[in-house]
Engineer: 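The structure under discussion is supplied below as structure tokens; questions concerning it will follow.
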Number of protein chains: 2
Amino acid sequence: MSMIGTIDVDVGEPLSLHQRILSDISERILSGAWAPGQRIPFEHELTAEYNCSRMTVNKALSQLAKAGLIERRRRSGSFVRRPQSQAAVLEIHDIRIEVEALGLPYRYERVARHRRRSSAEDRALLELAAAGPVLALECRHFAGKRPFAREQRLINLAAVAEAADEEFHAIAPGPWLIARVPWSAAEHRIRAVAADRHIAAALDIAVGAPCLVVERRTWSAEHPVTHVRFTYAAESHTLVARFTPSQG
Amino acid sequence: MSMIGTIDVDVGEPLSLHQRILSDISERILSGAWAPGQRIPFEHELTAEYNCSRMTVNKALSQLAKAGLIERRRRSGSFVRRPQSQAAVLEIHDIRIEVEALGLPYRYERVARHRRRSSAEDRALLELAAAGPVLALECRHFAGKRPFAREQRLINLAAVAEAADEEFHAIAPGPWLIARVPWSAAEHRIRAVAADRHIAAALDIAVGAPCLVVERRTWSAEHPVTHVRFTYAAESHTLVARFTPSQG
DNA sequence: ACTGCGATTATGTATATACATATTGAGATG
DNA sequence: CATCTCAATATGTATATACATAATCGCAGT
């Protein structure tokens with residue numbers, strides 16, 4: 001995976017040498033003192049500068065390379081990487097947590113639950129090759145008295161058989177799955193749509209009103225587990241994503 | 001920064017020991033063989049299992065801890081971490097690249113450019129404490145003949161003085177800034193809105209049509225650099241974010 | 001000039017070793 | 001019985017060393 005990651009550097013406290021080298025170098029890169037494309041000192045030069053062993057410098061530089069701040073070339077040295085595309089970290093919380101963070105009481109409601117053989121559309125959503133049983137759920141999440149989000153979910157019963165025995169009256173499928181299924185990958189798609197009459201009814205808004213839709217597909221060890229679509233009324237929701245290449 | 005990161009593991013090729021330990025352990029965690037909360041073998045046990053030195057095991061475990069898959073506790077050992085909130089990586093590309101990825105010709109247009117003393121609203125958007133000169137830009141990005149995105153941007157001239165001399169007729173402010181200013185942090189806010197008449201005119205869509213708005217605030221070494229708002233017509237745009245705790 | 005080869009160089013990976021530090025658990029003390 | 005102390009233990013950090021590997025440079029030979 002080629003991406004720009006993050007580096008954690010503890011501030012305050014007597015820094016370890018490793019952390020000092022990390023923060024020193026990233027500071028120099030981010031401040032622009034060391035420009036993109038420029039070669040940074042060789043390991044043996046940094047070894048002299050910090051008066052430490054090459055292993056220590058090497059570990060720090062390897063970490064900076066993994067974080068995407070520098071690029072290392074054998075025989076040539078290490079170079080400040082030109083900024084590529086921005087990679088922001090989007091934290092996607094459980095809806096209960098989001099609602100409670102707003103200081104509003106949270107309520108969950110299961111609207112419908114169907115067990116069926118997967119339709120072609122189901123298979124497309126889950127990226128499932130063969131037909132098999134799925135569980136289709138529709139739920140609503142409330143913040144105070146107002147509907148906050150509509151949830152439409154498909155669960156691949158071939159991957160999570162126990163879900164067939166759960167009514168999802170008391171617990172939302174999200175937290176239920178999180179507690180049970182270790183997931184190895186997820187893909188999110190975020191877009192804006194106009195409310196159709198189903199959305200309008202579910203969220204108690206006008207037909208045509210703008211909504212934010214977040215769809216998530218989750219895999220566990222190569223098997224599709226679930227596809228979920230959350231629809232939020234525009235006023236109720238903003239997603240926040242952050243990127244900090246250094247200094248958590 | 002407390003988040004779940006990613007681990008890069010090369011597949012194929014004769015794996016280095018380090019990578020083999022990494023992928024072995026993350027596989028066991030992600031498959032559920034080692035459940036959350038469970039203690040994983042001590043370093044000295046893994047040393048025996050892989051017949052290698054403790055340093056090698058230690059490096060791998062430290063990396064898994066940084067990636068958030070395990071938690072290390074002195075004297076007690078290392079434990080599989082319970083999944084927290086999902087952290088997805090949202091890659092935010094240059095608009096030219098996005099358009100060209102669609103196979104459409106890209107065109108850029110500068111609509112307006114004003115240099116002014118920052119208004120209260122400007123300062124709020126930039127999170128600027130004191131008043132100072134700013135550059136306000138409005139641009140449009142086209143995919144083929146159709147407007148693809150509207151860009152409204154503020155540049156803090158106190159942080160990027162050279163921007164005052166640039167007309168931004170030939171080059172979009174995004175790539176211009178990227179090439180010049182190393183950024184150290186960014187915050188994105190994503191939401192859905194209904195097109196007002198300005199948006200409708202800019203994007204050639206109906207008033208009230210749903211749009212996706214992506215706002216980004218960028219800092220460089222503690223100083224606010226720019227605030228930009230991109231508005232996309234709903235049909236034209238979907239953001240994709242991915243998370244893979246292992247196996248890039 | 002052009003080509004190929006070998007020496008040089010910087011990074012990549014692994015080892016053995018050493019000592020620091022946080023935490024636990026057992027035994028001693030009040 | 002509570003608490004205090006100390007030794008045991010697992011991780012944290014750093015060192016010196018060794019050899020592998022990839023890329024580059026310069027030199028020799030055509």
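Bear in mind that the values here come from a model prediction, so they are computed numbers and not experimental data. The chains referred to below are lettered A, B, ... by the order of the sequence lines, with proteins before strands, and numbering in each begins at 1. What's counted below: heavy atoms across the whole structure, side chains too, no hydrogens, waters or symmetry copies.
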Engineer: What string of B, S and - do you get for nucleotides 18-25 of chain D, 5' to 3', when a contact is any protein heavy atom under 4.0 Å?
Structural biologist: B--BSBBS

Engineer: How far apart are the closest heavy atoms of S76(A) and F42(A), and which atoms are they?
Structural biologist: O-CE2, 3.4 Å

Engineer: Answer yes or no: does a side-chain N or O of T56(B) lie under 4.0 Å from OP1 or OP2 of dT15(C)?
Structural biologist: yes

Engineer: From CZ of R39(B) over to C1' of dA10(D), roughly how many Å is that when rounded to an integer?
Structural biologist: 10 Å

Engineer: If you assign each of H44(B) and N51(A) to its closest nucleotide in DNA chain D, which residue comes earlier from the 5' end?
Structural biologist: H44(B)

Engineer: Rounded to whole Å, please give me the gap between CD in E43(A) and C1' in dT9(C).
Structural biologist: 12 Å

Engineer: Quick one: is dT11(C) close enough that its OP1 or OP2 comes under 4.0 Å of any side-chain N or O from S78(A)?
Structural biologist: yes

Engineer: Between S78(A) and R73(A), is there a side-chain donor-acceptor contact under 3.5 Å, judged purely by atom types and distance?
Structural biologist: no

Engineer: Is the distance between the ring centroids of Y232(B) and F148(B) under 6.0 Å?
Structural biologist: yes

Engineer: Applying a 4.0 Å non-hydrogen cut-off, can you work out what L61(B) is touching in the nucleic acid: base, sugar-phosphate, or nothing?
Structural biologist: nothing

Engineer: Heavy atoms from C-beta onward define the side chain here; which of dG12(C), dA10(D), dT13(D) lies closest to that of S62(A)?
Structural biologist: dG12(C)

Engineer: dA14(D) C1' sits how many Å from H18(A) NE2, rounded?
Structural biologist: 11 Å

Engineer: What residues form a salt bridge (Lys or Arg N to Asp or Glu O under 4.0 Å) with R75(A), not counting sequence neighbours?
Structural biologist: none

Engineer: Roughly how many Å is it from CZ in R20(A) to P in dA14(D), rounded to a whole number?
Structural biologist: 10 Å

Engineer: What is the minimum heavy-atom distance between L177(B) and V225(B), and which atoms define it?
Structural biologist: CD2-CG1, 4.4 Å

Engineer: Write down the distance between CG (L15(A)) and P (dA14(D)), rounded to a whole number of angstrom.
Structural biologist: 10 Å

Engineer: Please check the phosphate of dG12(D) (OP1 and OP2 only) for any side-chain N or O of R72(B) closer than 4.0 Å.
Structural biologist: yes

Engineer: For the pair made of CD in Q63(B) and P in dA14(C), what is the distance, rounded to whole Å?
Structural biologist: 12 Å

Engineer: Figure out the CG/P separation between L46(B) and dT15(C), and round it to whole Å.
Structural biologist: 13 Å

Engineer: Give me the atom names and distance for the closest heavy-atom approach of R82(A) to G37(A).
Structural biologist: NH2-CA, 3.6 Å

Engineer: Of the options R216(B), E215(B), E187(B), which is the one that meets H227(B) in a side-chain hydrogen bond (donor to acceptor under 3.5 Å, both in side chains)?
Structural biologist: E215(B)

Engineer: Could you tell me how far apart Q19(A) (CD) and dG12(D) (C1') are, to the nearest whole angstrom?
Structural biologist: 11 Å

